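Just so you know, these numbers use all the heavy atoms, side chains as well, and skip hydrogens, waters and symmetry mates. Computed from a predicted model, the values in this text were never measured in an experiment. Proteins get letters first, then strands, A, B, ... in listed order; numbering begins at 1 in each.
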Protein chains: 2
Amino acid sequence: MSTINDVSRLAGVSKATVSRVLSGSRGVKEASRAAVLQAVETLNYRPNVIAQSLLSQSTGCIGVICAQENINQTTGYLYALEKHLSQHQKHLLLRFASGKAEVMHALEELTCGLCDDVLIIGARFPLDIPYENVILVDCLEFDAANSIQFDHAFAAETACNYLIKQGRRQIALIAPETSCPVEQVLLGYKRALENNFLPFNRNLIFMDATSSSVALQVLLNNSTTVNFNALLVADEQEAQRVITQLQAFNKSVPGDIMVFSLAGTLHLPGIPTIPAIEYSMDAMAARIVSRLNEKTESVAGSSVLRGDLIIP
Amino acid sequence: MSTINDVSRLAGVSKATVSRVLSGSRGVKEASRAAVLQAVETLNYRPNVIAQSLLSQSTGCIGVICAQENINQTTGYLYALEKHLSQHQKHLLLRFASGKAEVMHALEELTCGLCDDVLIIGARFPLDIPYENVILVDCLEFDAANSIQFDHAFAAETACNYLIKQGRRQIALIAPETSCPVEQVLLGYKRALENNFLPFNRNLIFMDATSSSVALQVLLNNSTTVNFNALLVADEQEAQRVITQLQAFNKSVPGDIMVFSLAGTLHLPGIPTIPAIEYSMDAMAARIVSRLNEKTESVAGSSVLRGDLIIP
DNA sequence: CTGTTAGCGCGTTCAT
DNA sequence: ATGAACGCGCTAACAG
């Protein structure tokens with residue numbers, strides 16, 4: 001790769017002039033401007049962004065650490081994020097990490113000058129970040145200063161209200177800690193029940209189950225004593241899993257049991273659409289990018305994103 | 001962020017000594033080594049990788065341009081790739097691009113010193129790359145020097161052989177140019193037919209159809225004159241789409257028509273598994289990383305990856 | 001064993 | 001208008 005020295009030599013001017021032509025172009029004699037442009041063309045010169053970064057102390061790289069346990073998801077959110085970032089001349093440095101140790105390790109590697117800022121997405125474990133320029137997206141810390149949250153309480157409340165209006169008053173909830181922030185979900189769940197003057201039945205709630213399959217089985221086994229005609233699950237994958245299991249036990253969906261996904265739908269042909277809360281990945285990306293730009297002006301804070309109700 | 005100067009000042013040694021301690025640690029007096037380590041600790045100093053990159057002329061960043069038309073896929077391949085790359089101390093710089101212009105634009109932005117190498121994945125359009133350090137993965141150019149190809153001919157041949165052994169001798173093929181390399185697929189398709197002494201029926205082949213739905217409809221409308229009891233499609237998404245359409249026309253799957261996906265399965269609960277060719281993303285990632293390391297030793301070439309047959 | 005010097009490629013003074 | 005010089009943070013070569 002040719003450098004600015006090669007260009008200045010070929011054009012018969014100094015490095016400074018070359019630099020001037022390529023950046024501002026102001027106050028340069030037309031002759032030398034043309035010569036520089038010509039030399040740039042023949043040498044196919046492009047300024048080395050690393051050298052520029054060293055000087056400007058910013059690389060334009062945004063680290064994105066995906067901490068989702070549930071990796072088998074669509075690229076939807078990465079796509080939306082990348083589109084918004086590249087529109088703002090920023091690069092997306094991708095990293096997957098499961099568990100706190102891996103996240104912190106990735107963070108170490110990205111914050112040595114490589115990335116201007118780092119996003120941590122979907123961590124379902126506590127995380128105390130010692131760095132400034134880190135934004136937590138849909139992570140556990142609710143009150144962290146620099147975080148963008150999905151309003152899971154709102155989602156659960158909306159879900160319950162919808163189900164209740166559909167005549168489903170016995171709503172089971174299977175939401176393991178690893179897939180969603182349980183306190184938030186439970187908060188919304190209870191709020192909806194209260195507002196509809198319905199009793200809270202602890203036997204319908206499964207938050208600590210290691211496996212959602214086991215939780216559902218407990219429900220099915222006790223179905224003579226514990227009634228339920230709706231089921232709230234963390235995401236669409238969980239939904240499909242429980243639907244299969246329900247059908248194996250002769251429960252029709254949504255006839256007997258209405259299954260509701262608290263996060264997203266897959267929109268795949270062949271899969272029947274179920275009611276769900278869906279978060280706009282585009283809105284999320286927009287929020288993130290605006291936050292990144294805000295940071296330059298040293299404004300910060302926590303913001304909350306609410307999902308749309310999808311009705312099949 | 002503190003610099004090497006801060007450390008050297010605090011430790012009372014020169015920058016060079018600090019550098020020595022942090023890299024080689026060989027031939028440094030124990031006293032000053034301890035002083036440096038102490039200063040590093042208190043200042044929480046970490047070398048700036050950008051400055052190191054400027055000197056070493058390599059950033060450890062690998063650009064990955066995803067040119068898939070079909071974006072709604074799983075993160076599977078990105079996950080596998082990132083895991084392999086980070087294992088080799090390399091960073092994955094992600095970029096989505098549709099169409100040649102966008103790909104070339106992304107390439108321009110990444111090859112200005114930011115990325116040591118660039119991967120272009122899944123481009124279904126011609127692409128003449130003017131740069132050295134670019135590897136084409138599952139792209140159109142079959143004979144490009146630096147490419148890693150999926151053996152689509154082998155996939156189609158395997159698929160047909162399997163279907164024929166299952167008693168399906170009228171195999172329709174819907175493979176639009178945008179989703180797979182048509183020549184390759186057709187090659188394998190024809191080879192299998194020849195080896196099984198079956199006639200080639202042009203009316204079963206749809207390669208240029210703008211929409212696979214239209215193609216299938218042509219087949220269904222002509223079903224009195226053109227028989228088919230198996231259907232080869234590009235990927236699982238296509239498969240689910242055509243299955244829905246087939247069922248709407250009272251064709252049972254796989255009873256009347258066996259649908260075969262030429263690339264991948266989703267393995268989602270709720271979706272019945274169909275026969276398919278599945279490429280190991282882990283094997284692909286391993287191949288890519290080994291090619292990346294080979295390049296350092298200036299060895300190159302084209303290699304081909306074959307997929308596994310998945311039987312439901 | 002360690003400090004000094006030079007230079008990676010670039011932008012930005014400060015002179016001229 | 002433009003060239004020389006400096007510095008971004010770091011490592012490598014040389015000298016002591």
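- A distance of 7.0 Å separates CG in A:Leu140 from CZ in A:Arg124, rounded to the nearest 0.5 Å.
- When side chains are defined from C-beta on, A:Asn48 does not count as touching A:Ile4, because their heavy atoms never get closer than 4.5 Å.
- Considering only residues two or more places apart in sequence or on other chains, A:Phe154 meets the ring pair (Phe, Tyr, Trp, His ring centres under 6.0 Å) condition with none of them.
- The nearest pair of heavy atoms linking B:His152 to B:Pro181 is ND1-CG, 3.3 Å.
- When rounded to the nearest whole Å, the span between CZ of B:Arg33 and P of C:dT2 equals 11 Å.
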Enumerate the protein-to-nucleotides 14-16 of chain C contacts in which both atoms are nitrogen or oxygen and the separation is below 3.5 Å.
none

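- Residue A:Leu55 contributes atom CG, which lies 12 Å from atom C1' of C:dT13 at whole-angstrom precision.
- At a cut-off of 3.5 Å, with distance as the only test, a side-chain donor of A:Thr111 or B:Arg46 sits close to an acceptor on the other residue.
- Ionic pairing of A:Asp282 and A:Arg287 is not present here: no N-O contact between side-chain nitrogen and carboxylate oxygen is shorter than 4.0 angstrom.
- Here the closest non-hydrogen pair linking A:Ala97 and A:Ile65 is CB-CG2, 3.9 Å.
- Residues satisfying the side-chain hydrogen bond (donor to acceptor under 3.5 Å, both in side chains) criterion with A:Lys83, sequence neighbours excluded, are absent altogether.
- The OH atom of A:Tyr79 sits 10.0 Å away from the NE2 atom of A:His84 when rounded to the nearest 0.5 Å.
- At the phosphate of C:dC10, neither OP1 nor OP2 sits under 4.0 Å from any side-chain N or O atom of A:Ser56.
- A heavy atom lying under 4.0 Å from DNA chain D marks none of the residues of residues 3-10 of chain A.
- Without hydrogens or angle criteria, A:Ser86 side chain to A:Gln89 main chain gives no donor-acceptor distance under 3.5 Å.
- From A:Ile62, atom CD1 reaches atom CG of A:Asp117 across 4.5 Å, with rounding to the nearest 0.5 Å.
- The salt bridge (Lys or Arg N to Asp or Glu O under 4.0 Å) contacts involving residues 1-11 of chain B comprise B:Asp6-B:Arg9, where partners must be two or more places apart or lie in separate chains.
- Nucleotides of DNA chain D that come within less than 4.0 Å of any heavy atom of chain A span, from the 5' end to the 3' end, D:dA1 to D:dG9.
- Remark: B:Asn44 engages no residue in a side-chain hydrogen bond (donor to acceptor under 3.5 Å, both in side chains) (not counting sequence neighbours).
- A heavy atom lying under 4.0 Å from DNA chain C marks the following residues of residues 42-54 of chain B, by number: B:Leu54.
- Across its full length, the helix from C:dC1-D:dG16 to C:dT16-D:dA1 shows an angle of 50° between the axes of its 5 terminal pairs at either end, rounded to 10 degrees.
- Without hydrogens or angle criteria, A:Glu102 side chain to A:Ser98 main chain gives a donor-acceptor distance under 3.5 Å.
- One finds the CG atom of B:Leu119 at 11.5 Å from the CG atom of B:Leu94 (value rounded to the nearest 0.5 Å).
- Shown here are the salt bridge (charged side-chain N to carboxylate O under 4.0 Å, His left out) partners of B:Arg20, two or more places apart in sequence or in another chain: there are none.
- Side-chain polar atoms of A:Tyr131 and A:Glu108 form a donor-acceptor pair below 3.5 angstrom.
- Residues of residues 11-18 of chain B that place a heavy atom closer than 4.0 Å to DNA chain D, in numerical order, are B:Lys15, B:Ala16.
- The ring pair (Phe, Tyr, Trp, His ring centres under 6.0 Å) check on B:Tyr279 picks up B:Phe150, with sequence neighbours excluded.
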